[in-house]
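Any value given below was found using the heavy atoms of this structure, including those in side chains, with hydrogens, waters and symmetry copies removed. In each ligand, atom 1 is the first atom listed, and ligand 1 is the first ligand listed.
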Amino acid sequence: MKIVSTVEELRHTLPTDQTIGFVPTMGYLHEGHMSLVENARRENDLVVMSIFVNPTQFGPNEDLDRYPRDFERDEKLAREAGVDLLFYPTTETMYPLDMARVTVRKGADVLCGASRLGHFDGVLTIVSKLFNLVQPTRAYFGLKDAQQVALIEGYVRDYFVPVEIRRCPIIREETGLAKSSRNVYLSDTEKEDASQIFKALTTARETLEAGHDLEEVKQRLTERLHEIPNSQIDYVELVDYPTLADASSDSKEILMAVAVQFERARLIDNVIWKKG
Ligand code: PAF
């Protein structure tokens, strides 16, 4: 595996005659990232991963400074997973002038966007820069960040970006807890409590399948999440997927998404219900 950190090195190293599967990350890799690499390896000649903790997607009171980082560990995991090229740029490399940024017009004022103002502008800005640099054939994103996936798909369509976006399933612990770099902030007891989130979502999906109306499903899901000790609900939403508009009885796919705040970590999780 080759590691590069400048634009010049990257451009010099990237092949022009091979398909490129791209896995953008913020590091502190876990099995979720590994499964993205696995998918990318299966479908492309070459796998490129980026590790960059993107400052523009963090709000002023968020965890940018304490976001977990361990490059040595990440490098080893990326190598073992079969990444061919690791791009590890600095902030100066990714934001040389910081004169222009991408702005999201629809779908950023709900779910995580409602409590993380400007977050998705930051995400789309960095994703756009990375796509321009890597010029991947396909790019791989986990559905744990289902809103992020929908907005990236929208951006790619609006800007005619020649890349295929691949949606990859959420990878979970045996308890059901969705894998996340931020799980390191949880105590063992909190991890156990947090596993209730997926159980609540699974029950919500069953309730929806049983024909209950959307309001009732949302109410029951909220009640169930309220029972999780030492945590606070940030949001519980049922939205049409991938438009992120309000869900209705006409929706073909409904994203049931939640965010729950523990002492040191805000966890998000979701399930997508498909009609029929
Ligand atoms: O999902 C992430 O890890 C980040 O939001 C991404 C897509 C790498 C952009 O910084």
field: Any donor-acceptor N or O pair under 3.5 Å, side chains Asn54, Tyr67
entry: no

- prompt: Among protein heavy atoms, which sits nearest to atom 5 (O) of ligand 1, and what does the distance come to when rounded to 0.1 Å?
  reply: Gln148 OE1, 2.7 Å

field: Taking atom 10 (O) of ligand 1 as the reference point, the nearest protein heavy atom with its distance
entry: Gln57 OE1, 2.6 Å

- prompt: With atoms numbered from 1 as shown, which atoms in ligand 1 lie under 4.0 angstrom from a non-hydrogen atom of Ile126?
  reply: 9 (C), 10 (O)

message: Does only the side chain of Ile152 get under 4.0 Å from ligand 1, or the backbone, or both, or neither? Count heavy atoms.
response: neither

- request: Could you tell me the separation between the CG atom of Leu133 and the CE atom of Met94, rounded to the nearest 0.5 Å?
  value: 5.0 Å

message: Working to the nearest 0.5 angstrom, can you tell me the gap between Tyr140 OH and Phe22 CZ?
response: 12.0 Å

- prompt: Honestly, is Arg66 close enough over Tyr185, meaning NZ or CZ under 6.0 Å from the six-membered ring centre and within 45° of the axis?
  reply: yes

